[in-house]
Amino acid sequence: MEDRAPPVGWSAPIEWHVSEHVISRYATNLVVQHTQNEFIISFFEVRPPLVLGTPEEVREQLNQMKSVRAECVGRIIVAAEKMPDFVRVLQANLETYLSRRAEE
């Protein structure tokens, strides 16, 4: 039987496509965990609690809260060997963003 794997070093252009079914969510926090072979990146949205009343009543309500819920809005698993590329791309985009903001 023939080996049908592409030759070593072979590459093809990538056509990036985002399906209309992909939902964009806002994330205010993230948690990164890792295993021996992968990184798990979980994105969370923390919504401020709804508290109403006089300043004293609001303060009392906030003092009684034990926690604020962080809802996981997405989770991505990245192969460990791809993580350096992932970090490099994020860093380059952050630097571009910061340099453009400094010019404003």
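Just so you know, these numbers use all the heavy atoms, side chains as well, and skip hydrogens, waters and symmetry mates.
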- Message: Just verifying a value: how many Å separate T35 OG1 and I77 CD1, rounded to the nearest 0.5 Å?
- Response: 8.5 Å
- Item | Q33 CD to R75 CZ distance, which is reported to the nearest 0.5 Å | 6.5 Å
- Any pair with a residue in residues 36-56 that passes salt bridge (charged side-chain N to carboxylate O under 4.0 Å, His left out), sequence neighbours left out, goes on the list, sorted by first then second residue, please. R25-E45, E45-R47
- Check which hydrophobic residues are tied to I14 through side-chain heavy-atom contacts below 4.5 Å, counting indirect links as well, and list them. W16
- Task: Check which hydrophobic residues are tied to V22 through side-chain heavy-atom contacts below 4.5 Å, counting indirect links as well, and list them.
- Result: V18
- Residue pairs passing the salt bridge (charged side-chain N to carboxylate O under 4.0 Å, His left out) test where at least one lies in residues 58-74, sequence neighbours excluded: R69-E71
- Task: Could you check Q61 against E57 for side-chain hydrogen bond (donor to acceptor under 3.5 Å, both in side chains), going step by step and ending with a plain yes or no?
- Result: CA-CA 6 Å; Q61 290 174 55; E57 291 169 334; 5.6 Å; no
- Message: Taking transitive links into account, so neighbours of neighbours count too, which hydrophobic residues share a cluster with V32 at under 4.5 Å side-chain distance?
- Response: L30, F39, I41, F43, V73, I76, V78, M83, F86, V87, L90
- Task: Would you mind listing the cluster partners of M65? Hydrophobic ones only (ILVMFWY), side-chain contacts under 4.5 Å, chaining allowed.
- Result: V51, V58, L62
- Can you see which heavy atom on Q36 is nearest to which on A80, and at what distance? O-CB, 4.3 Å
- Euclidean distance, L94 CG relative to S99 OG, rounded to 0.5 Å: 9.5 Å
